[in-house]
Amino acid sequence: MSLLMKGLTGLWRWVDARLPVQRAWDTHMAKYYAPKNFNFWYFFGVLSLLVLVNQLLTGIWLTMSYDPSAERAFGSVEYIMRDVDFGWILRYMHSTGASAFFIVVYLHMFRGLLYGSYKAPRELVWLFGMGIYLALMAEAFLGYVLPWGQMSYWGAQVIINLFGAIPYFGEGIVDWIRGDYLISGITLTRFFALHVVAVPLVLIGLVFLHLLALHEVGSNNPDGVEIKKHKDVNGIPLDGIPFHPYYTVHDLVPITVFLFVFCFIIFFMPEMGGYFIEKANFEHSNSLKTPEHIAPVWYFTPYYSMLRAVTFSIGPLTAKLLGFMVMAAAVAILFVLPWLDRSPVKSIRYKGNISRVAVVVFAASFVILGVLGIKAPTPARTGLAQFCTLLYFAYFVAMPFWTRFEKTRVEPERVTMDGGMGFWRALGVLGIVIALIVIPLKAVGSEATHDCGTIACDKIEVDHQDKASLQRGAQTFANYCMGCHGAKFSRWERVADDLDIPHGLVLENLVFGEQKIGDLMQASMSEESGKQWFGAPPPDLTLVTRARSPSWVYTYLRHFYVDPSRPVGVNNKVFQNVGMPHALLDLQGLAACAPGPSLAHNGGVRVDPLTSEPILDDPCGSYTLIQEGELSADEFDIAVYDLVNFMSYLANPVADKSRSIGYGVLLFLLILLVFVWLLNREYWKDIH
């Protein structure tokens, strides 16, 4: 053993003499002295680094199975989700990581605003950080396009076309970015190359410079006091402690908490209600079908909201250029922040009341802009977005004036350990911020449409553990849906194994033609026949319940009614002027419209204020059965539920497996949290 240790020691000395590993470790970790009064807001720097590593590693694995072509990009993502061992975890880690990256970066930047981390001597630290933010925005946009779903395609269309507003050179820049005269496979290929190679190299370089500049001038702290001013006889800051082991151990606690939240989202709600993975991106891109509401992913929506606030207020010719300039200025103004703040103190703890009110209003207005950017525009929402845009820019434009003249408190000579305003006052400020966000949004937040077209959705709860229901649903799907529609991203073998159906039984009763058990679930109707019959091939149904929701599909299938004006003789309340025939006609029968209660916008039934009776003024508020079906109404509802339950499984076959793994992961992290908290307490017990 001693011989082995001697050999390793000799190897270490040989390497260190040629590569200064020990010196680098001492400079940036073991002998780098950080202020001992870091608080909650200082967790987000290390969390940003953690998410960056996650994105790089998961991105490498995803590229091994991704095909950057217009024909196969969407399908290759589904191949990763369904056929690659644990590919779904990698994809969810990457998609959730993209949103997590922006969450921690926004909070990291906000900490800089609170404690003046952009002020001298840390201007370069801030500028490199803003460079990271720009590179991150570019990286996120390029990656957003790669799944090649509907929102990927149309989001790219909107953002790229903004460059066309630049006078003289705009159209040329747009063509150069696309690589073609329209967004195509060439655009996708070059975006893939930039996302995987070019921008990550820039991002890593900027992170390196950011950390290098930070460790050169030293970290800021909640008091804004420079700890290098007070040193002992050995030149060590009196208010500093070595980053390692104290903060490497200390950061294990927030890292574990972050991983708990991160894994909860991955295993239980990876779409995050359509905010992390948008529902429209479960539909293949279609240049001939524009989504009802085009919006970028949530972390770009504050700037998108500013764009819309401008374009809805002036003429269309000028609006595009001015909107682009406002978006660019909203980011660019952050670069000059170190020279806008004229306050003699750094930290919000010692600034005046104007600064405190201003930063709270600024944070609330930024969040409001983000929420408004997700929602469809209305006159009231546009007005609020315009007001919040003014508040955003007013914060920076007015900063040189109020910071110069407001009354400030005297900074302490040494760092304090009292925690600033304390827990309860911090909670009160958080409550004020939430109120400033929620109240204006509620005032302009009324929706004008129902979840299911002209009616409210009939809510259902799918159950992928009910194998009998799934088996019945698979039979109905094969018999009534697959004549026209396919499920070409799923395989028969996977369905048979998950639903406990023998392969021979599947081949005998569910599979059409010469397909094999390992084949994808293709429709029996060819694309050419679909075009002849319906004008376009019927859409694939693999992901329809993720693109719409199980409740939407369930309601849609139950609300066909006779309409002689339509080419196929029926219409649908959920999908008005539908081009699809009533596929379940034999089971349900044919219904005709009858007068019934009128619905309010909130989904409830409108009532007479005097009699409290329902207002029966909707000519199609109910149905009359004019042709009997094979099933009673209750039996038909059960059959439709089984069908939707199967389609929900088909859209996300790993949902149950994800939850079962998730429980184990979360339990492990909870146990780990106890140990790292105890370890942290042991290391920090003598730090005062």
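One-based numbering along the sequence shown. All values reported here derive from a predicted model rather than from experimental measurement. We use all heavy atoms of the structure for the numbers below, so side chains are in, but hydrogens, waters and symmetry mates are not.
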Apply side chain to side chain contact (heavy atoms under 4.5 Å, CB included) to the pair Tyr303 and Met137, showing each step before the final yes or no.
CA-CA 11 Å; Tyr303 305 109; Met137 293 175 75; 4.0 Å; yes
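- Side-chain contact check for His215 versus Thr27: every heavy-atom pair is 4.5 Å or farther apart.
- In this structure the side chain of Glu123 reaches within 4.5 angstrom of the side chain of Trp339, judged on heavy atoms.
- The two residues Ser343 and Thr408 come nearest to each other via the heavy atoms OG-CG2, 4.0 Å.
- Counted by atom type alone, Arg308 and Thr382 present zero donor-acceptor pairs between their side chains at under 3.5 Å.
- Side-chain rings of Phe300 and Tyr304 stay apart, their centers remaining 6.0 Å or farther from each other.
- With 3.5 Å as the limit, one finds a donor-acceptor pair spanning the side chains of Ser355 and Glu406.
- Under a cut-off of 6.0 angstrom, the local environment of CE in Met325 is sparse, with at most 12 non-hydrogen atoms contributed by other residues, nucleotides or ligands.
- Remark: Leu441 CG to Leu384 CG distance equals 6.5 Å, nearest 0.5 Å.
- No side-chain donor from either of Ser347 and Asp223 sits under 3.5 Å from a side-chain acceptor of the other.
- Atoms CD1 and CD1, from Ile236 and Ile241 in turn, are 12.5 Å apart once rounded to the nearest 0.5 Å.
- At least one side-chain heavy atom of Tyr92 sits under 4.5 Å from a side-chain heavy atom of Met81.
- Ring orientation note: the planes of Tyr106 and Tyr133 are nearly perpendicular, at an angle over 60° on the 30°/60° scale.
- Arg381 contributes a side-chain N or O that, together with a main-chain N or O of Ala376, makes up a donor-acceptor pair within less than 3.5 Å.
- Of the possible polar contacts, one joining the Thr301 side chain to the Gly370 backbone as a donor-acceptor pair under 3.5 Å is found.
- Judged by distance alone, with hydrogens and angles left aside, the side-chain atoms of Glu139 form no donor-acceptor pair with the main-chain N or O of Val199 at under 3.5 Å.
- Smallest separation of non-hydrogen atoms from Leu203 and Leu136: CD1-N, 4.2 Å.
- Under the ring pair (Phe, Tyr, Trp, His ring centres under 6.0 Å) criterion, Phe40 pairs with Phe44, not counting sequence neighbours.
- His230 places a side-chain N or O within 3.5 Å of a backbone atom of Glu413 that can act as its donor or acceptor partner.
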Apply side chain to side chain contact (heavy atoms under 4.5 Å, CB included) to the pair Val225 and Arg414, showing each step before the final yes or no. CA-CA 7 Å; Val225 176; Arg414 302 271 300 276; 5.8 Å; no
Val253 and Thr256: CA distance, side-chain angles, deciding distance, side chain to side chain contact (heavy atoms under 4.5 Å, CB included) verdict:
CA-CA 5 Å; Val253 176; Thr256 306; 6.0 Å; no
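- Smallest separation of non-hydrogen atoms from Val310 and Gly323: CG1-N, 3.7 Å.
- Looking only at atom types and distance, the side chain of Tyr42 has no donor-acceptor partner in the side chain of Asp251 under 3.5 Å away.
- Neither side chain, Trp88 nor Ser658, offers a donor N or O lying under 3.5 Å from an acceptor on the other.
- For the pair Arg659 and Phe267, the NZ or CZ position fails the cation-pi test of under 6.0 Å to the six-membered ring centre and within 45 degrees of the ring normal.
- For the pair Phe268 and Leu666, the minimum side-chain heavy-atom distance is below 4.5 Å.
- Counting only distance, with no hydrogens or angles, the side chain of His210 and the backbone of Val125 share a donor-acceptor pair below 3.5 Å.
- Ring pair Trp684/His250 is tilted by interplanar angle, where 30° to 60° counts as tilted.
- In this structure, Thr248 and Met29 have side chains that are in contact, with non-hydrogen atoms separated by less than 4.5 Å.
- When all heavy atoms are compared, the tightest approach of Ala295 to Ile374 is CB-O, 4.3 Å.
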>> Between Thr403 and Ile354, is the side chain to side chain contact (heavy atoms under 4.5 Å, CB included) condition met? List the steps.
In response: CA-CA 8 Å; Thr403 54; Ile354 298 177; over 6 Å; no
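- Counted by atom type alone, Asn37 and Asp239 present zero donor-acceptor pairs between their side chains at under 3.5 Å.
- Under the 30°/60° scheme for interplanar angles, the aromatic rings of Phe362 and Phe366 are found to lie parallel.
- At least one side-chain heavy atom of Leu162 sits less than 4.5 Å from a side-chain heavy atom of Leu307.
- Few gaps surround CZ on Phe393; more than 12 heavy atoms of other groups in view lie less than 6.0 Å from it.
- A side-chain donor from one of Asp341 and Tyr118 sits under 3.5 Å from a side-chain acceptor of the other.
- Outside the 6.0 Å centre-distance limit, the rings of Phe86 and Trp61 are not counted as a close aromatic pair.
- Remark: side-chain polar atoms of Thr63 are paired, donor with acceptor, to backbone N or O of Ile60 under 3.5 angstrom.
- From Ser117, atom OG reaches atom CG of Leu337 across 10.5 Å, with rounding to the nearest 0.5 Å.
- When all heavy atoms of Asp16 and Arg23 are compared, the closest pair comes out as OD1-N, 4.5 Å.
- By the neighbour-count criterion of 12 heavy atoms within 6.0 Å, atom CZ of Phe675 is sparsely surrounded, having that number or fewer from other residues, nucleotides or ligands.
- The aromatic ring centroids of Phe43 and Phe258 lie 6.0 Å or more from each other.
- At least one side-chain heavy atom of Val51 sits less than 4.5 Å from a side-chain heavy atom of Gln55.
- Minimum interatomic distance between Arg349 and Arg409 (heavy atoms only, all atoms of both residues): O-NH1, 3.1 Å.
- Atoms CG and OH, from Leu252 and Tyr683 in turn, are 10.0 Å apart once rounded to the nearest 0.5 Å.
- Checked against the 6.0 Å centroid criterion, the rings of Tyr33 and Phe243 do not qualify as a close aromatic pair.
- Residues Lys31 and His244 form no side-chain contact, since every pair of their non-hydrogen atoms from C-beta on lies 4.5 Å or further apart.
- Of the possible polar contacts, one joining the Ser95 side chain to the Arg91 backbone as a donor-acceptor pair under 3.5 Å is found.
- To the nearest 0.5 Å, atom CG of residue Asn680 and atom CG of residue Leu673 are 10.5 Å apart.
- The backbone N or O of Val359 sits nowhere less than 3.5 Å from a side-chain atom of Tyr395 that would complete a donor-acceptor pair.
- Not a single donor-acceptor pair under 3.5 Å links the side chain of Arg13 to the backbone N or O of Leu8.
- A donor-acceptor contact under 3.5 angstrom links the side chains of Tyr144 and Glu278, judged on distance only.
- The local environment of CD in Glu216 is sparse, with at most 12 non-hydrogen atoms from other residues, nucleotides or ligands closer than 6.0 Å.
- A ring-centre distance under 6.0 Å is not found for Phe335 and Trp126.
- Rounding to the nearest 0.5 angstrom, the gap separating the NE2 atom in His94 from the CD1 atom in Ile89 is 15.5 Å.
- Here Lys351 does not pair with Glu411 in a salt bridge; the nearest charged N to carboxylate O distance is not below 4.0 Å.
- In terms of modelled atom types and a separation under 3.5 Å, the side chain of Asn54 and the main chain of Gly97 share no donor-acceptor contact.
- Counting only N and O atoms by type, the side chains of Ser219 and Tyr32 include a donor and acceptor under 3.5 Å apart.
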